Amino acid sequence: MKQLKLNNGQMIPQLGLGVFKVQDANDLRRSVTDALKSGYRHFDTAAIYHNEAWLGEALAESGIKREELFITSKVWNSHTTYEDTITAFHESLKKLQTDYLDLYLIHWPSEGYNEKWRAMESLYAEGLIKSIGVSNFEKPHIEKLLTTAKVKPAIDQVETHPYFQQKKLHDYLKSLDIAHEAWGPLGQGKGHVLEDPTLAKIADAHNKSIAQIILRWHLQRDIVVIPKSIHTERIAQNIDVFDFTLTDEEMTLISMIDKNQRGSGDPNDTEWLKESLNRN
Ligand code: NDP
């Protein structure tokens, strides 16, 4: 598995398994077991997914050494203060049955994120988190964060797929040496990206699926990907993307199918962010 070096020197496996919307304990356990068998070592969850405990159980039962795993979780919007963030982190840690996280992210740029960051910096200084980062942060959010931050985020996890390529944000993150991580890397199975004719042609040429072409395209943009699936065959397929390379021409063709079309939550939707403070 290819690893990327983050701006603090820590390594991250460039491909992992996402577990958003896996709301059944058996599905989660099975998909994690399948993923480990296929070679995945990186898992992405969040407190708001309400499945950290199942992920923790599945990883503990696997018998794989903790240091071989890379576990990410995220602090939810309802925790707006320093103390709350520390408490939320320890709850996640307990559910995940571990004594440190590899990556902890601020889930959305909602109220109080500079304070949350201060708490994450403390946890990072204590060695309880190997890397700290943000999610759904755009340039203005990062600029505001950096006015008080002592530690620069290692990662920004944002919606990214061929119909929402985030070219400007990608360049901005690169200029700051903040790694770009894609959520919804397959377009969340929505918006017909998995039936795109340009991608279908490239897939035929490589004898791969469209999903594999998309994941390979992310990897060649130096993006970290965390595709989600609860199907054994797809889980295996999604990691089988290290034995071929897209040509420069194919990368250019894919860059041209961008529709700048968001599929889900918008970090600029301040009303939604306000409402999310009351959700748990
Ligand atoms: P993805 O882009 O990973 O798409 C998942 C969908 O694609 C599922 O419906 C899955 O179906 C389907 N799928 C997976 N592999 C294949 C394949 N090879 N062929 C065809 N269909 C496939 O969307 P997610 O929203 O799950 O994003 C990935 C991860 O990113 C999440 O699980 C979560 O960890 C993280 N995330 C973070 C967010 C944030 O705000 N920070 C927001 C959203 C996600 P099936 O499972 O039935 O196989």
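Counting starts at 1 for both ligands and their atoms, following the listed order. If you're wondering where the values come from, they're calculated on a predicted model, not measured in any experiment.
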Cation-pi check for F20 against K228: NZ or CZ below 6.0 Å from the six-membered ring centre and within 45 degrees of the axis, yes or no?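 The answer is no; the distance or angle limit is not met.
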Would K74 and Y104 count as a cation-pi pair here, with the cationic atom under 6.0 angstrom from the ring centre and within 45° of the axis?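 Ring-cation test returns no.
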Polar contacts were defined as any N/O atom of the residue lying under 3.5 Å from an N/O atom of the ligand; does this apply to A182 and ligand 1? no
Any N or O of P227 that comes nearer than 3.5 Å to an N or O of ligand 1? no
Mode of [X] contact toward ligand 1 - side chain, backbone, both, neither (heavy atoms, under 4.0 Å):
| X | result |
| --- | --- |
| S229 | both |
| A211 | side chain |
| L105 | neither |

For a quick test of reading the model, state the closest non-hydrogen atom pair linking S110 to K116 and the distance between them.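 The pair with the smallest heavy-atom distance is OG-NZ, 4.0 Å.
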Under 6.0 Å between the ring centres of Y113 and F137?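 Yes, they do, as the ring centres are separated by less than 6.0 Å.
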Among [options], which one puts a heavy atom closest to [atom]?
| atom | options | answer |
| --- | --- | --- |
| atom 40 (O) of ligand 1 | V22, T160, T72, N136 | N136 |
| atom 28 (C) of ligand 1 | N51, I226, T45 | I226 |
| atom 14 (C) of ligand 1 | E181, R234, Q188, K228 | K228 |

With a cut-off of 4.0 Å, which atoms of ligand 1 are near a heavy atom of [X]?
| X | value |
| --- | --- |
| I230 | 45 (P), 46 (O), 48 (O) |
| H107 | 39 (C), 40 (O), 41 (N) |
| G18 | 29 (C), 31 (C), 32 (O), 34 (O) |
| H231 | 45 (P), 47 (O), 48 (O) |
| G187 | 2 (O) |
| L194 | 20 (C), 21 (N) |

Where is the nearest protein heavy atom to [atom]: which residue, which atom, and how far?
| atom | value |
| --- | --- |
| atom 15 (N) of ligand 1 | N238 ND2, 3.0 Å |
| atom 32 (O) of ligand 1 | F20 N, 2.9 Å |
| atom 34 (O) of ligand 1 | D44 OD1, 2.7 Å |

Check for me whether G184 has a heavy atom closer than 4.0 Å to any atom of ligand 1. yes
Hey, is K74 one of the residues with a heavy atom under 4.0 angstrom from ligand 1?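 Yes, K74 has a heavy atom closer than 4.0 Å to ligand 1.
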Same cluster or not: are I155 and I142 linked, directly or through other Ile, Leu, Val, Met, Phe, Trp or Tyr residues, by side-chain heavy atoms under 4.5 angstrom apart? no
So does L277 get a backbone contact from the side chain of N77, meaning a donor-acceptor N/O pair under 3.5 Å? no
Okay, side chain of T160, backbone of V158: is any donor-acceptor separation there less than 3.5 Å? yes
For atom CD of E57, decide whether the heavy atoms of other residues, nucleotides or ligands shown that lie under 6.0 angstrom number more than 12. yes
Side chains of S92 and E52 only: does a donor on one sit below 3.5 Å from an acceptor on the other? yes
State, without any angle test, whether Y163 and D196 hold a side-chain donor-acceptor pair at a distance under 3.5 Å. yes
Does Y49 reach the side chain of K21, with side-chain heavy atoms less than 4.5 Å apart?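 No, their side chains stay 4.5 Å or more apart.
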